[in-house]
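A short worksheet on the structure shown next.
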Protein chains: 2
Amino acid sequence: MTENNNLEKLVGLSKEKGLKLTPQRMVIFRILSECNQHVTVDQVYQKASAEYPMLSPATVYRNMEQMVDAGLLTRLDLGGSSMRYDTNLEEHHHFVCTECGKVSDLYLEDIQYKMDANRSQLGKAKINSLDLHLQGTCGECV
Amino acid sequence: MTENNNLEKLVGLSKEKGLKLTPQRMVIFRILSECNQHVTVDQVYQKASAEYPMLSPATVYRNMEQMVDAGLLTRLDLGGSSMRYDTNLEEHHHFVCTECGKVSDLYLEDIQYKMDANRSQLGKAKINSLDLHLQGTCGECV
DNA sequence: TGAGCAAATGCAAATGATTCTTATCTAGGT
DNA sequence: ACCTAGATAAGAATCATTTGCATTTGCTCA
Ligand SMILES: [Mn+2]
Ligand SMILES: [Mn+2]
Ligand SMILES: [Zn+2]
Ligand SMILES: [Zn+2]
């Protein structure tokens, strides 16, 4: 299944990056490959510590950051109180439901182009990242 | 001048909203009408406490939030460590320079329209706020 | 004008996410 | 089996923001 592939991919990539395969890292990897995308550190920590009680939150924080550095995850600032991490590495944007908190992916191919048209306002500034914060009520919460 | 107009407007509106004209509130109003937009609470607190030394940070936090509730300010989450507050109430977006931290306003009239075209992905979800998060290097930092 | 009351304030302690410190441990190579 | 760089647990530290509470103060109305 997809989960196993994801897990194997994570293990493989982490080996490449020189990350040691510690049991706590394995638990985190597995949780990530089973979880939905857009998790918070705390969500991962809760699940992981259930099966590995002596796990420290700092370890999860550290591991998630390392994975971002290694390119296995993307860090998302969706405006909430805590950061989220995305296993979907494709270029995309997000919609956050203010009722239930659900995060939906959005693929907006022409936003970049649209921006270019308005770039004049920025003079010689160079845009490095463009990301859209959409909030509202999702289909189930309407 | 513009500053005085802004100050008068703030005083007038706050009266309408039933906010008492305390000296600390007056200082905060004046600072806001003189400062550039996109200030942090701390920036306001620094300036304000210079002329009103017994001022408490909590008071500034509370006042800024009240002004947001009263529609005199907009709260901006620009991704930095602290919130920013905008005295510009027009619909607009922001570009943040990652070098110097400068925040520039951007007016993108057709983003909304462009979004509508892509709304299909969201099903019956209702978008309440759309805001664009742009980062890069500003004209002076290139 | 002044009493009364809700609103506002200052202070300090609480919060919550994240990071840092430090002593201890261990995975993986030799 | 042994060594060592890297990893961990535990908890202290940080930092922005919020909150509880005792006290003060604008403002309204008699
Ligand atoms: Mn995503
Ligand atoms: Mn602005
Ligand atoms: Zn929802
Ligand atoms: Zn700059």
Side-chain angles (χ1 to χ4, degrees), chain A residues 10-31 38-70 72-73 75-85 101, chain B residues 10-32 38-70 72-85 101:
Chain A
L10 288 177
V11 171
L13 282 172
S14 81
K15 237 167 200 162
E16 273 181 40
K17 301 288 178 181
L19 302 177
K20 290 182 182 174
L21 279 183
T22 67
Q24 27 278 83
R25 182 164 286 154
M26 279 303 284
V27 175
I28 294 171
F29 281 177
R30 186 158 38 69
I31 303 243
H38 313 132
V39 287
T40 64
V41 167
D42 193 60
Q43 285 166 352
V44 174
Y45 171 68
Q46 293 307 328
K47 296 208 176 201
S49 65
E51 35 182 300
Y52 200 106
M54 29 130 70
L55 183 71
S56 154
T59 298
V60 183
Y61 276 104
R62 224 181 300 120
N63 273 283
M64 304 288 273
E65 277 317 298
Q66 282 168 317
M67 294 176 75
V68 171
D69 293 344
L72 310 181
L73 290 179
R75 192 201 351 263
L76 300 180
D77 181 352
L78 297 181
S81 55
S82 32
M83 288 292 174
R84 288 172 177 277
Y85 293 84
Chain B
L10 286 179
V11 171
L13 282 174
S14 80
K15 237 168 200 161
E16 274 181 39
K17 301 288 176 179
L19 301 178
K20 293 180 178 174
L21 278 185
T22 66
Q24 28 277 80
R25 181 164 285 154
M26 280 303 284
V27 175
I28 293 171
F29 281 177
R30 187 155 38 66
I31 303 243
L32 284 174
H38 313 132
V39 287
T40 64
V41 167
D42 193 61
Q43 285 166 351
V44 175
Y45 171 68
Q46 293 306 329
K47 296 207 178 203
S49 64
E51 36 183 297
Y52 198 106
M54 29 131 71
L55 182 70
S56 154
T59 298
V60 183
Y61 275 104
R62 270 183 301 231
N63 272 281
M64 304 288 273
E65 276 318 297
Q66 283 167 315
M67 294 176 76
V68 171
D69 293 345
L72 310 181
L73 289 179
T74 301
R75 194 203 351 263
L76 299 180
D77 181 354
L78 297 181
S81 55
S82 31
M83 289 291 175
R84 288 173 176 277
Y85 293 84

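Per the geometry, CE belonging to A:Met64 stands 16 Å off C1' belonging to C:dT19, to the nearest Å. Between the OH atom of A:Tyr52 and the C1' atom of C:dC25 there is a distance of 11 Å, rounded to whole Å. In this structure, the OH atom of B:Tyr61 is 13 Å from the C1' atom of D:dT19, given to the nearest Å. For A:Lys15 and D:dG6, the NZ to P distance is 18 Å, given to the nearest whole Å. A straight line from CZ of B:Arg25 to P of C:dA7 spans 11 Å, rounded to a whole angstrom. Rounded to whole Å, the distance from OH on B:Tyr45 to P on D:dC15 is 16 Å. For B:Gln66 and D:dT17, the CD to C1' distance is 15 Å, given to the nearest whole Å. Atom-to-atom, OH of A:Tyr85 to C1' of C:dT18 comes out at 9 Å; the value is rounded to the nearest Å.
Mapping B:Lys20 and B:Ser82 onto DNA chain D by nearest heavy atom places B:Ser82 at the nucleotide closer to the 5' end. Residues A:Leu19 and B:Glu65 both approach DNA chain D. Their nearest nucleotides, taken by heavy-atom distance, put A:Leu19 toward the 5′ side.
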Compile the donor-acceptor pairs under 3.5 Å between side chains in residues 47-54 of chain B and protein atoms, sequence neighbours left out, one pair per line.
{"residue": "B:Ser49", "atom": "OG", "partner": "B:Tyr45", "partner atom": "O", "Å": "2.9"}
{"residue": "B:Ser49", "atom": "OG", "partner": "B:Gln46", "partner atom": "O", "Å": "3.2"}
{"residue": "B:Glu51", "atom": "OE1", "partner": "B:Arg30", "partner atom": "NH1", "Å": "3.3"}
{"residue": "B:Glu51", "atom": "OE1", "partner": "B:Arg30", "partner atom": "NH2", "Å": "2.7"}
{"residue": "B:Tyr52", "atom": "OH", "partner": "B:Gln24", "partner atom": "OE1", "Å": "3.3"}

Cut-off 3.5 Å, no hydrogens considered: what does the side-chain donor-acceptor table look like for residues 75-83 of chain A, sequence neighbours left out?
{"residue": "A:Arg75", "atom": "NH1", "partner": "A:Glu65", "partner atom": "OE1", "Å": "2.5"}
{"residue": "A:Arg75", "atom": "NH1", "partner": "A:Glu65", "partner atom": "OE2", "Å": "2.5"}
{"residue": "A:Asp77", "atom": "OD1", "partner": "A:Gly79", "partner atom": "N", "Å": "3.0"}

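In this structure, B:Gln24 reaches the C:dG10 phosphate: one of its side-chain N or O atoms is under 4.0 Å from OP1 or OP2. Between B:Ser56 and C:dC11, a side-chain N or O to OP1/OP2 separation shorter than 4.0 Å is absent. Residue B:Arg62 has no polar side-chain atom (N or O) positioned under 4.0 Å from OP1 or OP2 of C:dT9. Close to D:dA7, at under 4.0 Å from its OP1 or OP2, lies no side-chain N or O of A:Asn63. When the side-chain nitrogen and oxygen atoms of B:Thr22 are compared with OP1 and OP2 of C:dT9, one or more of them lie within a distance under 4.0 Å.
B:His38 and B:Gln43 make their closest contact through O-OE1, 4.2 Å (heavy atoms, listed as atom of the first residue, atom of the second, distance). Nearest heavy atoms, A:Lys20 versus A:Arg25: O-NH1, 2.7 Å. Listed here is the closest heavy atom pair of A:Ile28 and A:Thr59: CD1-O, 4.4 Å.
At the heavy-atom level, B:Asp42 lies nowhere under 4.0 Å from the strands shown.
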